[in-house]
2 protein chains.
Amino acid sequence: MNNLNDRKKCILRAITDDYIDTAEPVGSTTIAKKHKLGISSATIRNEMASLEEDGYLYQPHTSAGRIPSDKGYRYYVDVLLELPRVTSEDNKKISQISDYKKDAIEKTIRRSTKILAELTEYISIAVIPEHRNAVFRHIQLVSLDLRNILVILVVDPGVIENRVLFSPRVFSPIELDEISSYLNQRLRGKKGEALTKTLLNELRNSVPEARDLISCIIDLVQEVLTDNDDEVLVADGLLNLLDQPEFQDLDKTKLVLSMFEDHAALAKVLFGLTQTSGAKVRIGEENKSPELKEFSLVTATYYHNGNNVGTIGVLGPTRMAYGRAISVVNEVALSLSELLELF
Amino acid sequence: MNNLNDRKKCILRAITDDYIDTAEPVGSTTIAKKHKLGISSATIRNEMASLEEDGYLYQPHTSAGRIPSDKGYRYYVDVLLELPRVTSEDNKKISQISDYKKDAIEKTIRRSTKILAELTEYISIAVIPEHRNAVFRHIQLVSLDLRNILVILVVDPGVIENRVLFSPRVFSPIELDEISSYLNQRLRGKKGEALTKTLLNELRNSVPEARDLISCIIDLVQEVLTDNDDEVLVADGLLNLLDQPEFQDLDKTKLVLSMFEDHAALAKVLFGLTQTSGAKVRIGEENKSPELKEFSLVTATYYHNGNNVGTIGVLGPTRMAYGRAISVVNEVALSLSELLELF
DNA sequence: TCTTAGCACTCGTCTCAAACGAGTGCTAAA
DNA sequence: TTTAGCACTCGTTTGAGACGAGTGCTAAGA
């Protein structure tokens, strides 16, 4: 694929840079003037025609300049792009991710997407750790008053779930402690898939006088560990889309934004991004989903204990500032992984 | 203010209903045809001219129909409006508010705004209970492993805060229980303002070997009870605005939506809505803030233990379906209050 | 053989005037 | 007091023409 001569590379890079900058089709004279390549507009025109023939560029209509095609962007990203360093200003902002240290993992990720959206001015999305990989760590029952019992369920990595249960029967703190430690002993380290019916029934019947309470608790544990319909996707900066010149058409834009009302479906689209290290870039048609064919997606995974637990990234027009996006996404994923090591 | 004769009332109501429905200036013939009032378009025209003179209507330009002015909407809401009953379908949706029963109050309110936005198709907003009115209820320290301690702080009404603290010194579960019950005993029922320096210092020095741990805990308590910069405003359905014909102008709409980036400032605008019972309606210019002069705001307060703790409502164009908005907002506020009674 | 100046051509956008039509206010008759 | 009739207003739509950015092609020059 590295089959372009140097001059073609320069021209393709110039056109792509310019188009990313201005959102206007780029003409040969513009290139000749702005980027002093030492060749005339006529020569550039010839090269452009050749690049178009090879599928790197296209014209929206005869009398317009050129726009990079998806193939063009792909070449740009793979071959031509030099990643800019993350500025210290950006780094300052990114470091805000760890500001609140150790609150729930989900909040941390929300904060990260928010920061990512602000930095890139695109839509920022994150897939949060799948609970089904989560492990039971600790449960604690606390008597708030006679009949209200606070259940605290701690799950690795970093999810803490609280629920206040109303119990018709009064339990003494000692009883609650006993129940807690029994459940802890039986459930510690278990994954959702390990919660077999046999086990659950055994637990339910273990303390006859607390059957109802334990039932409720088990439901909660199961709910948290098996992650039915819980939010798996976090998005921020949706409105940034309105600032992009290609989304001035309201109907089109509404269509896109309405995708974000069904987080579950969208998560599926964004899943299957299992990736090794570094940022992954999906450009336009490379996205399987037709709604995303005008979008590019730059994602990176973040880790917990060396395991790939989730994905974070940005979604923007194919005319995306790839360099900056990739740098920033990488940096954010890195910060997030570092922070999660502390959980 | 009840100074319009019956015919004028009918015409004003017809124009307002029609304009709310179509978003197009309403002409005399339209009224004559759609609402069989038994009078000709010419008569309606005369009455319209009179209503315009009195400030209830205006024409966007000479050759157009009429649009209700803010004064016209106000009259419509105060005098002409008959509240529609909430349909059983709506009620079904509203009852989803209590689906998850007793998770944290903030989540409940988020869910409520989401439902409200879906039902009305306007922007839905809520001011969540001010923490400074919150009361310390319970604290619990749980040893997760040797050096990680989970702090659970329960605050009335319905806020549960978790934090994992890393402690260089190892505490036994018994020690942690002792610290918990000491703090519970000293802090139970206290408001943020009751946390004087003297008290806090006394607590800090009460158990010398746990000084650092207690310090961290106290910081957390103070943070939660004094509610520095925590989110006080929740909004949903921002994108609904794009479906309104009066907000097809992207620049204008972006300006409005950007208001929602500074929740704190917006909360101020929406505060000062201390109100008795039932929904409050603010129409167009009645809003102090100039950004909101094209908007109407329908709000109701919700209660906890008989105290007005927060506000929930919808924000839409002045051309709002007031009847439905008021009914639904009232119903949601009611459901929310009922649910909070259980907290 | 490669480069480039020159030029005719294309086609989207901008401009402006004319036609259109929804709605009005006024007048005069019922 | 109501209403049919009509001239008038003014925003919107339509279409023709001018404009111009950018192209491809040709032919001359390096």
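The figures here come from the full heavy-atom set of this structure, side chains too, leaving out hydrogens, waters and symmetry mates. Throughout, protein chains are lettered first and strands after them, A, B, ... in sequence-line order, and every chain is numbered starting at 1.
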Phosphate OP1/OP2 of C:dT10 contacted by A:Thr62 side-chain N/O (<4.0 Å): no

Between B:Ser296 and B:Tyr322: side-chain donor-acceptor atoms closer than 3.5 Å: yes

Rounded distance in Å - NE2 (B:His61) to P (C:dG21): 16 Å

Sugar-phosphate, base or nothing in reach of B:Ser41, heavy atoms under 4.0 Å: nothing

Distance in angstrom units between A:Arg45 CZ and D:dC25 P, rounded: 11 Å

B:Gln59 CD to D:dG11 P, straight-line distance once rounded to whole Å: 11 Å

Rounded distance (Å) that lies between atom C1' of C:dT24 and atom CG of B:Leu51: 15 Å

Whole angstrom value for the distance that separates C1' of D:dT2 from CD1 of B:Ile44: 12 Å

Salt-bridge present (A:Lys252, A:Glu246; N to O < 4.0 Å): no

A:Ser63 vs D:dG22: side-chain N/O to OP1/OP2 distance below 4.0 Å: no

Residue closer to the 5' end of DNA chain D, A:Ala42 versus A:Thr29 (nearest nucleotide): A:Thr29

Nucleotide C:dT4, atom C1' - distance to NZ of A:Lys33 in whole Å: 16 Å

B:Arg66 vs C:dG23: side-chain N/O to OP1/OP2 distance below 4.0 Å: no

Salt bridge B:Arg74-B:Glu286, side-chain N to carboxylate O under 4.0 Å: yes

Contact under 4.0 Å: A:Thr43 side-chain N or O vs C:dT3 OP1/OP2: no

Modelled atom types, side-chain donor and acceptor of A:Ser124 and A:Lys114, under 3.5 Å: no

Rounded distance (Å) that lies between atom P of D:dC25 and atom CE of A:Met48: 15 Å

Rounded interatomic separation in angstrom, taking CD from A:Glu52 and P from D:dT23: 10 Å

Under-4.0 Å side-chain N/O to phosphate OP1/OP2 contact, B:Arg7 with D:dT2: yes

Carboxylate-amine/guanidinium proximity below 4.0 Å for A:Asp54 and A:Lys71: no

